[in-house]
A.B. asks: 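There's a structure below that I have some questions on.
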Amino acid sequence: MNDPQIRNAFHKTVLKKHHSKSTTLVVDELGLEHGKCRADIAIINGQLIGYEIKSDVDSLNRLSSQVNIYNAVFDKASLILTERHLDEAIYIIPDWWGIILVNETDKNILKFNQVRSPHKNTKFNNYSIVQLLWRAEAQEVLIGLGTKGARLREKRSNLYRYIVDMIDSQELRFIVREYLKKRLNWRHPSQLTQYGD
């Protein structure tokens, strides 16, 4: 089993209900912290949920660093993995992460088994979350907060810092989710058909 096989099966089965909801956006390869890491699958609705896939052909060498970046952003996270990685991965991921084991049946059908349910993350990082915004979106947020003039033309990192300093964590997370859900161009029409919308 490789990543594309697992990903496609997961979209068509476990995530089918999310694809059918107009208030939910499902994104493959969501960039985190400006490209330091990509979440294999992200669900954006009333919360941010991330999934990392480790197939038979993957190693766990980068998992610790990936976990740290996921921890800074997602409300919930889960690791989708094959039997090969299960014993080792349990010692790498935090207790609040979910674990989903994927197995292939005799008829070459992939089945997903929830080994451990995810819990709410309590240690996310507001700056990592605001980095999900594009520059123009950050400027728009600041304009809505009353910011004017030269400050809006400053480097992106300053714009992010201003936003984090001006609004609380709950409102920030809501704003970022709403901007992400507006990006409908993330979902190519072929993806909608492929996954059953």
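Because only heavy atoms are used, hydrogens play no part in the values below, and waters and symmetry mates are left out as well, while side chains stay in.
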A.B. asks: With ring pair (Phe, Tyr, Trp, His ring centres under 6.0 Å) as the rule and sequence neighbours excluded, what pairs involving residues 86-111 come up?
C.D. replies: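 Listed by first then second residue: Y70-W97.
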A.B. asks: Can a donor-acceptor pair be found, under 3.5 Å and without considering hydrogens, that links the side chain of E29 to the backbone of R38?
C.D. replies: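 No.
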A.B. asks: Tell me, do E83 and L86 make a side-chain contact under 4.5 Å, heavy atoms counted?
C.D. replies: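 Yes - at least one pair of side-chain heavy atoms lies under 4.5 Å apart.
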A.B. asks: Given 3.5 Å as the limit, does a donor-acceptor pair link the side chain of R156 with the main chain of Q131, or not?
C.D. replies: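 Absent.
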A.B. asks: Please check if any side-chain donor atom of S55 sits under 3.5 Å from a side-chain acceptor atom of N2, or the reverse.
C.D. replies: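 Side chains of S55 and N2: no pair found under 3.5 Å.
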A.B. asks: Does any N or O in the side chain of N113 come within less than 3.5 Å of the main-chain N or O of V115, such that one atom is a donor and the other an acceptor?
C.D. replies: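 Not at all, since once roles are kept as given, no pair shorter than 3.5 Å links the two residues.
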A.B. asks: Just by modelled atom types, is the L48 backbone N or O under 3.5 Å from a matching donor or acceptor in the D75 side chain?
C.D. replies: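 Side chain of D75 to backbone of L48, a donor-acceptor pair under 3.5 Å: yes, one is there.
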A.B. asks: Return the set of residues passing ring pair (Phe, Tyr, Trp, His ring centres under 6.0 Å) with F10 (not counting sequence neighbours), or none when no residue passes.
C.D. replies: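 Expected list: Y51, F112.
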A.B. asks: Show your reasoning for whether side chain to side chain contact (heavy atoms under 4.5 Å, CB included) applies to N71 and N125.
C.D. replies: CA-CA 8 Å; N71 290 352; N125 179 282; over 6 Å; no
A.B. asks: Does a donor on one side chain sit under 3.5 Å from an acceptor on the other, for H11 and D28?
C.D. replies: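 A donor-acceptor contact under 3.5 Å links the two side chains.
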A.B. asks: How about T82 and I6: do any of their side-chain heavy atoms sit closer than 4.5 Å?
C.D. replies: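 Heavy-atom side-chain distance check passes, below 4.5 Å.
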A.B. asks: Tell me, do M166 and L142 make a side-chain contact under 4.5 Å, heavy atoms counted?
C.D. replies: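 Side chain of M166 against side chain of L142, heavy atoms only: contact under 4.5 Å found.
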A.B. asks: What distance do I69 atom CD1 and L32 atom CG have between them, rounded to the nearest 0.5 Å?
C.D. replies: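 Atom-to-atom, I69:CD1 and L32:CG are 7.0 Å apart.
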A.B. asks: I need the I92 CD1 to L60 CG distance, nearest 0.5 Å.
C.D. replies: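 The CD1 atom of I92 sits 5.0 Å away from the CG atom of L60.
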A.B. asks: Nearest 0.5 Å please: distance from the NZ atom of K120 over to the NZ atom of K76.
C.D. replies: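 Reported to 0.5 Å precision, the distance equals 7.0 Å.
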A.B. asks: If you round to the nearest 0.5 Å, how far is CD1 of I90 from CD1 of I99?
C.D. replies: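 Rounded to the nearest 0.5 Å, the CD1-CD1 separation comes out at 4.5 Å.
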A.B. asks: For D168, is there any backbone N or O sitting under 3.5 Å from a side-chain donor or acceptor partner on E171?
C.D. replies: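 Pair absent, no side-chain N/O of E171 close to backbone of D168.
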A.B. asks: In terms of side-chain geometry, is the basic nitrogen of E52 or R62 positioned less than 4.0 Å from the acidic oxygen of its partner?
C.D. replies: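 No salt bridge links E52 with R62.
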A.B. asks: Given E88 and L63, is the side chain to side chain contact (heavy atoms under 4.5 Å, CB included) satisfied, shown in steps?
C.D. replies: CA-CA 11 Å; E88 183 181 355; L63 183 57; over 6 Å; no
A.B. asks: Do L133 and I163 make a side-chain contact, defined as non-hydrogen atoms from C-beta onward lying under 4.5 Å apart?
C.D. replies: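 SC-SC contact between L133 and I163 confirmed.
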A.B. asks: Counting neighbours of CG on D165 that are heavy atoms of other residues, nucleotides or ligands and sit closer than 6.0 Å, is the number greater than 12?
C.D. replies: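 Yes, enclosed.
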A.B. asks: Can you list the steps and then say if M1 with N103 is a side chain to side chain contact (heavy atoms under 4.5 Å, CB included)?
C.D. replies: CA-CA 9 Å; M1 288 179 284; N103 291 296; 5.7 Å; no
A.B. asks: Any chance you could measure Y160, atom OH, to E154, atom CD, to the nearest 0.5 Å?
C.D. replies: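 The CD atom of E154 is 14.0 Å from OH of Y160, to the nearest 0.5 Å.
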A.B. asks: Do Q66 and K54 get their side chains close enough for a donor-acceptor pair, meaning under 3.5 Å?
C.D. replies: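 Short answer, yes.
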A.B. asks: Is it true that a side-chain atom of Y179 and a backbone atom of A138 form a donor plus acceptor pair closer than 3.5 Å?
C.D. replies: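 No.
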A.B. asks: If you round to the nearest 0.5 Å, how far is CG of D56 from CZ of R84?
C.D. replies: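 Here the rounded value is 6.5 Å.
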A.B. asks: Let's go through N126 and F124 carefully: what are the C-alpha distance in whole Å and the side-chain angles of both, what is the deciding distance for side chain to side chain contact (heavy atoms under 4.5 Å, CB included) to 0.1 Å, and is it a yes or a no?
C.D. replies: CA-CA 7 Å; N126 288 337; F124 45 78; 4.1 Å; yes
